[in-house]
2 protein chains.
Amino acid sequence: MSFSVGQVSRLAGVTVRTLHHYDEIGLLTPSERTRAGYRRYTDDDLLRLQQVLLYRELGFPLEEIAVILDEPHSDELTHLRRQHELLRIKSERIREMIAAVERAMEARAMNIRLTPEERFEVFGDFRPEDHDAEVERRWGDTRQYAESRRRVASYTKADWLHLKAEAATITEDLAAAFKAGLPADGQQAMDLAERHRGHISRWFYECSYEIHQCLGELYVTDPRFTATFDAIVPGLADYLRLAIHANATGR
Amino acid sequence: MSFSVGQVSRLAGVTVRTLHHYDEIGLLTPSERTRAGYRRYTDDDLLRLQQVLLYRELGFPLEEIAVILDEPHSDELTHLRRQHELLRIKSERIREMIAAVERAMEARAMNIRLTPEERFEVFGDFRPEDHDAEVERRWGDTRQYAESRRRVASYTKADWLHLKAEAATITEDLAAAFKAGLPADGQQAMDLAERHRGHISRWFYECSYEIHQCLGELYVTDPRFTATFDAIVPGLADYLRLAIHANATGR
DNA sequence: CGTTGACCCTCACGCGACGTGAGGGTGCAC
DNA sequence: GTGCACCCTCACGTCGCGTGAGGGTCAACG
């Protein structure tokens with residue numbers, strides 16, 4: 001039982017031209033031809049085609065594929081094992097890219113700018129060792145963070161507008177309180193901190209008082225957060241931190 | 001703060017030539033140039049480059065990337081959401097390919113040939129609906145099957161030789177018993193069935209008596225299994241099925 | 001102050017992996 | 001016997017860069 005170019009092309013999801021090309025360059029020469037010169041692909045040819053397509057998917061140049069498939073001491077199993085490993089690595093890379101996109105979305109939600117390094121770390125090809133550690137150091141690889149990413153990724157544009165509007169009014173009210181000279185441990189500032197906590201819980205992750213305090217610290221230690229608040233009124237980041245602290249300990 | 005071509009190329013993991021090319025075709029034109037004509041990339045340029053690289057990774061042609069990035073009503077969020085979805089799909093595809101490779105390895109372990117359709121289903125581009133159902137129908141999407149794939153994928157070449165040798169002696173002994181006319185429900189045949197069950201448990205998955213009986217049925221219903229056994233001695237598949245049944249019910 | 005070395009520039013040709021016809025044979029079905 | 005679907009072999013085109021050639025720029029070091 002053998003197959004024509006058209007049948008193989010439909011089966012394998014490649015064009016006839018591609019099969020012709022692979023024949024031309026000697027990568028996959030059909031074992032038989034009919035008297036009329038029609039190519040006929042056997043089962044073994046299909047097996048080889050499968051290997052070719054897998055390696056191609058993995059980004060190998062065709063010439064190199066020809067070499068590794070013709071290595072004398074290699075059999076199907078060798079290739080399947082190698083392909084399995086390489087696919088695993090590729091899958092890992094894609095998952096990292098997904099995480100990077102989610103981080104970018106969250107950064108937008110927070111109104112902070114990513115540094116160029118953050119923006120491109122996923123394209124920097126490979127330094128698999130310290131990478132995870134670095135991400136954890138900067139972002140905190142916590143349960144909260146994972147939950148946040150999941151939720152953020154599913155928001156629609158309308159959700160975003162809603163979220164941003166809510167964040168804006170809280171920040172405005174906070175700025176007004178600050179400018180009015182209300183104490184950060186006063187009732188009004190504490191109420192604003194509580195509204196802020198609710199906002200985080202609703203949109204990002206379950207935010208306990210302890211976590212809220214950590215977040216407050218982050219606002220004055222991470223310059224990107226500090227900048228977003230202090231752009232409204234200088235000193236606002238620290239005012240919010242104090243209000244959060246008062247709200248967490250004072251009830 | 002802006003960056004030279006060299007700095008951007010190191011940051012983003014692309015060559016300088018690539019940046020030149022993107023400039024030539026108008027995909028990414030740096031916002032500034034120095035008096036000497038040196039390209040200077042701003043933060044916004046880097047943001048655009050990130051989008052370009054993500055869409056490129058997703059297989060979009062550069063011209064199309066230029067179009068969708070210049071759509072009037074699109075902003076970063078639109079793109080991030082689209083990229084997120086497409087990456088999810090791609091990740092899914094890779095996971096399917098990994099599963100397909102694992103199936104191919106297992107098929108080799110079982111000494112059965114995959115049909116051409118099975119070999120290429122993962123390349124057939126897209127028919128996401130019935131696909132999972134089909135895989136389940138043919139392979140059974142059970143816990144046992146998942147375990148088997150996981151274990152099989154991690155075997156070394158030495159493991160395989162060992163496994164195959166063990167399978168071969170069992171099959172040989174079974175063929176000998178069959179040819180000697182020993183009854184399938186006799187003690188010797190039942191012992192062979194028990195050895196077979198142990199073999200499956202050791203190498204593939206925890207094989208209870210019930211599951212072993214299902215496997216026995218499969219050997220006579222799936223023509224590919226039937227063929228492997230009956231190639232040794234015609235009728236061997238059914239003999240094994242009967243021995244398994246006797247071994248399962250008779251103790 | 002000159003020069004060295006690391007960058008940067010603009011052409012411009014080359015290449016890998018096919019796409020896309022042109023021009024023509026094959027084969028079964030009605 | 002004549003469509004119609006399929007197959008063949010050239011052969012040129014395209015996309016996304018790679019790879020020099022030939023030459024300017026600029027901070028640093030002697």
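In what follows, every chain begins at residue 1, and chains take the letters A, B, ... in the order their sequences are listed.
Taking atom CG on A/Asp23 and atom P on D/dT9, their separation rounds to 7 Å, with Å as the unit. Separating the CD atom of B/Glu63 from the C1' atom of D/dC15 is a distance of 10 Å, rounded to the nearest angstrom. Counting to the nearest Å, the P atom of C/dT26 and the CZ atom of A/Arg35 are 11 Å from each other. Distance A/His21 NE2 to C/dT20 P: 15 Å, rounded to the nearest Å. Between the CZ atom of B/Arg10 and the P atom of C/dC7 there is a distance of 6 Å, rounded to whole Å. Counting to the nearest Å, the P atom of D/dT25 and the CZ atom of B/Arg40 are 16 Å from each other. Summarising the geometry, the separation between CG on B/Leu19 and P on D/dC17 is reported as 10 Å, rounded to the nearest angstrom. Atom CG in B/Leu62 sits roughly 4 Å away from atom P in D/dG16 (whole-Å rounding).
Taking side-chain N and O atoms only, A/Tyr22 has a distance below 4.0 Å to OP1 or OP2 of C/dC18. The side chain of B/Thr15 places an N or O atom within less than 4.0 Å of a non-bridging phosphate oxygen (OP1 or OP2) of D/dG18. An OP1 or OP2 oxygen of D/dG16 is reached within less than 4.0 angstrom by no side-chain nitrogen or oxygen of B/Thr18. B/Arg33 has no side-chain polar atom (N or O) that falls below the 4.0 Å cut-off from OP1 or OP2 of D/dT25. An OP1 or OP2 oxygen of C/dC18 is reached within less than 4.0 angstrom by a side-chain nitrogen or oxygen of A/Arg56.
Side-chain atoms of B/Tyr38 and base atoms of D/dG24 include a donor and an acceptor less than 3.5 Å apart.
Between B/Pro61 and B/Ala36, the residue anchored closer to the 5' end of DNA chain D is B/Pro61, taking for each the nucleotide with the nearest heavy atom. Judged by closest nucleotide on DNA chain D, A/His20 is the one of A/Arg17 and A/His20 placed further toward the 5' end.
When each of C/dC9, D/dC8, D/dG18 is scored by its nearest atom to the side-chain atoms of A/Arg39, the top-ranked nucleotide is D/dC8.
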